[in-house]
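Remarks on the structure that follows.
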Amino acid sequence: MLLDVIGAVIAQMDGNLPFVAFRKPGKRTVKVFLQENDALHHVNDFTETGFVFAPFDEQEPSLLLKGDRILSGIFGEVQNLHGDETGSFVQTDENRKAHIKLVNKGVQRIGDSELEKVVLSRRLRVPNTKTAIQLFRTLLHTYTEAYCYLWFHPEVGCWLGATPEILIRTENKRFTTMSLAGTLPFVAGTLPKWGDKEKKEQRLVTEYIKNVLKDKAKALRVSPAANFRAGTLWHLRTKIEGQMQTDLKSFITALHPTPAVCGLPVSGAKTFILDNEDYPRSFYTGFLGELNIKEKLSRPAVAKRRNTELKAYDGIRSRTELFVNLRCMQWHDDHMYIYVGGGITAASDAEKEWEETVHKSKTMLRVLLGK
């Protein structure tokens with residue numbers, strides 16, 4: 001099966017045909033959706049079935065990759081990266097000054113308007129000589145607790161990533177989402193010490209999600225905020241669960257983009273981002289994953305009828321698992337674009353925000369530059 005999966009992905013790329021390969025957090029098996037032609041499909045109302053790849057700007061179309069053929073297997077082992085192999089890439093002072101200027105502009109806008117938070121990002125251009133398969137393998141075995149993917153369409157391009165954040169997971173009407181905010185570098189042997197800025201950022205995102213879902217869900221349960229490690233970074237994470245009372249589209253529309261990738265109020269923060277970031281985010285901070293996948297269940301009946309044997313009954317469940325497209329990179333021939341950002345509040349220090357993006361960039365840099 002391993003050769004079938006790798007061979008199918010290589011053949012699909014050689015044939016310039018769409019596909020996505022992905023592995024869920026904590027799992028070993030890689031699943032591959034192969035589309036038999038190069039048609040570019042769009043999502044209309046989120047009742048479709050397939051693999052969705054959606055941009056940051058919800059006004060732009062969300063793409064749907066059809067699973068005309070679906071395979072699964074284990075990609076070959078590679079040696080995990082250790083330490084920091086990113087020293088050969090220099091983050092220039094020009095980039096630093098540009099991001100600090102952007103952050104200061106965001107802090108000023110927060111002080112002058114109703115904005116409470118805005119998430120500002122930047123894009124790094126990094127030389128690359130590795131194949132997409134090599135990079136994907138390294139992602140898989142370096143970030144075992146992340147959702148790792150390799151996505152390709154000839155009309156759109158190639159994207160890879162290792163994201164820690166669920167947008168929404170559903171099984172029939174049950175759902176789970178999360179609030180993930182605040183970032184500190186991981187230091188072996190120590191736990192993160194969160195400041196007021198990170199705690200407030202996490203609280204804002206959690207309250208926003210609770211508010212937008214209160215009329216769309218019942219039996220809403222919110223867990224306490226807890227430390228969550230994603231590769232070389234710590235985050236604060238809150239799980240939110242419940243029962244859906246509306247359709248999936250209304251849930252996704254309410255959740256995307258969240259304050260964790262956009263800001264608060266969302267509409268004002270999004271306008272500031274589109275007007276002031278000096279590059280198009282495209283699919284960075286969008287979302288991706290399996291949409292309305294039907295699965296047949298077979299399980300023993302819970303009781304026996306008199307004079308009958310225990311029987312099995314079949315059921316069908318519909319499952320959706322969508323992840324926020326963080327810690328990602330975009331393929332461009334001999335180089336890659338890496339995307340990183342952070343939440344800006346009135347208490348933000350521009351120099352520290354720059355350093356946070358440097359730490360975040362190492363997630364993808366160590367995959368590109370590691371030996």
Side-chain angles (χ1 to χ4, degrees), residues 54-60 98-123 163-168 177-184 194-213 225 233 235-238 240 251-287 322-328 339-357 359-361:
F56 164 69
D57 187 352
E58 73 276 16
Q59 299 304 313
E60 299 294 326
H99 192 68
I100 285 176
K101 181 179 179 180
L102 177 63
V103 170
N104 283 330
K105 190 172 183 180
V107 171
Q108 181 177 347
R109 178 63 63 87
I110 290 170
D112 294 343
S113 70
E114 78 286 354
L115 277 186
E116 293 183 70
K117 170 187 172 180
V118 61
V119 179
L120 299 176
S121 66
R122 61 190 182 94
R123 183 174 69 178
T163 177
E165 184 173 354
I166 295 170
L167 178 69
I168 188 169
T177 185
M178 70 166 61
S179 163
L180 191 75
T183 303
L184 287 174
W194 301 106
D196 291 339
K197 187 257 185 185
E198 292 87 5
K199 292 177 182 178
K200 180 180 179 181
E201 188 179 350
Q202 164 68 9
R203 187 169 60 252
L204 287 173
V205 176
T206 302
E207 289 302 317
Y208 173 84
I209 293 174
K210 286 168 56 180
N211 287 335
V212 298
L213 295 185
L233 300 170
H235 301 288
L236 279 168
R237 180 180 70 175
T238 298
I240 301 168
F251 258 68
I252 293 173
T253 301
L255 289 173
H256 176 72
T258 72
V261 300
C262 186
L264 276 173
V266 169
S267 58
K270 180 186 168 187
T271 298
F272 184 86
I273 289 166
L274 295 177
D275 289 346
N276 290 279
E277 286 186 344
D278 62 355
Y279 76 98
R281 284 196 183 185
S282 185
F283 295 99
Y284 167 59
T285 63
F287 61 87
L322 304 179
F323 288 76
V324 182
N325 195 18
L326 303 174
R327 317 294 192 270
C328 62
Y339 299 83
V340 287
I344 310 303
T345 67
S348 290
D349 177 275
E351 187 66 44
K352 290 181 179 179
E353 297 297 338
W354 160 257
E355 290 297 333
E356 180 177 317
T357 66
H359 286 301
K360 287 180 175 178
S361 69

Exercise. For E356, which residues count as a salt bridge (Lys or Arg N to Asp or Glu O under 4.0 Å) partner, sequence neighbours excluded?
Worked result: K360
Problem set entry | Exercise: identify the closest heavy-atom pair between G343 and K117 | CA-CE, 4.0 Å
Problem set entry | Qualifying residues under side-chain hydrogen bond (donor to acceptor under 3.5 Å, both in side chains), relative to W354, sequence neighbours excluded | none
For this session: Would you sort out whether C262 and T285 count as a side chain to side chain contact (heavy atoms under 4.5 Å, CB included), showing the intermediate values?
Result: CA-CA 8 Å; C262 186; T285 63; over 6 Å; no
For this session: Scan for salt bridge (charged side-chain N to carboxylate O under 4.0 Å, His left out) pairs involving residues 253-263, sequence neighbours excluded, and state none if there are none.
Result: none
For this session: Could you list the residues that satisfy ring pair (Phe, Tyr, Trp, His ring centres under 6.0 Å) with Y339, not counting sequence neighbours?
Result: W159, Y279, Y284
Seminar exercise, completed: Applying salt bridge (Lys or Arg N to Asp or Glu O under 4.0 Å) to E351 and not counting sequence neighbours gives R96
Problem set entry | Partner residues of T206 under the side-chain hydrogen bond (donor to acceptor under 3.5 Å, both in side chains) criterion, sequence neighbours left out | S179, Q202
For this session: Please name all residues satisfying salt bridge (Lys or Arg N to Asp or Glu O under 4.0 Å) with K352, sequence neighbours left out, ordered by chain then number.
Result: none
Exercise. Under a 4.5 Å cut-off applied to non-hydrogen side-chain atoms, are P257 and V266 in contact?
Worked result: yes
Exercise. Rounded to the nearest 0.5 Å, how far does CD1 of I166 lie from CE of M178?
Worked result: 4.0 Å
Seminar exercise, completed: In this structure, CD1 of I209 is separated from OG1 of T238 (nearest 0.5 Å) by 8.5 Å
For this session: Can you sort out the partners of E207 under side-chain hydrogen bond (donor to acceptor under 3.5 Å, both in side chains), two or more places apart, ordered by chain and number?
Result: K210
Exercise. Mind checking what makes side-chain hydrogen bond (donor to acceptor under 3.5 Å, both in side chains) contact with K270, not counting sequence neighbours?
Worked result: D57, E58
Problem set entry | Which residues share a salt bridge (Lys or Arg N to Asp or Glu O under 4.0 Å) with E353, sequence neighbours left out | K197
Exercise. Can you check whether I252 reaches F287 side chain to side chain, under 4.5 Å on heavy atoms?
Worked result: yes
Exercise. When you look at CG of D196, are more than 12 heavy atoms from neighbouring residues, nucleotides or ligands closer to it than 6.0 Å?
Worked result: no
List the atom pairs, with distances to 0.1 Å, where a side-chain N or O of residues 102-109 and a protein N or O form a donor-acceptor pair under 3.5 Å, not counting sequence neighbours.
from : atom 1 : to   : atom 2 : distance (Å)
N104 : ND2    : I100 : O      : 3.3
K105 : NZ     : N276 : OD1    : 2.6

For this session: Without swapping roles, check the side chain of H256 against the backbone of F251 for a donor-acceptor pair under 3.5 Å.
Result: no
Problem set entry | Steps toward side chain to side chain contact (heavy atoms under 4.5 Å, CB included) verdict (F56, L274) | CA-CA 10 Å; F56 164 69; L274 295 177; 4.2 Å; yes
Seminar exercise, completed: To the nearest 0.5 Å, atom CG of L180 lies from atom OG1 of T163 at 8.0 Å
Exercise. Going by heavy atoms in the side chains, are R281 and I273 under 4.5 Å from each other?
Worked result: yes
For this session: Considering non-hydrogen atoms only, spot the tightest contact between R327 and P164 and give its length.
Result: CG-CD, 4.2 Å
Exercise. So, do L115 and P265 sit near enough that their side-chain heavy atoms are less than 4.5 Å apart?
Worked result: yes
Exercise. Atom CG in L236, atom CG in L184: separation rounded to 0.5 Å?
Worked result: 8.0 Å
Exercise. Rounded to the nearest 0.5 Å, what separation is found between the CG atom of L255 and the CD1 atom of I240?
Worked result: 8.5 Å
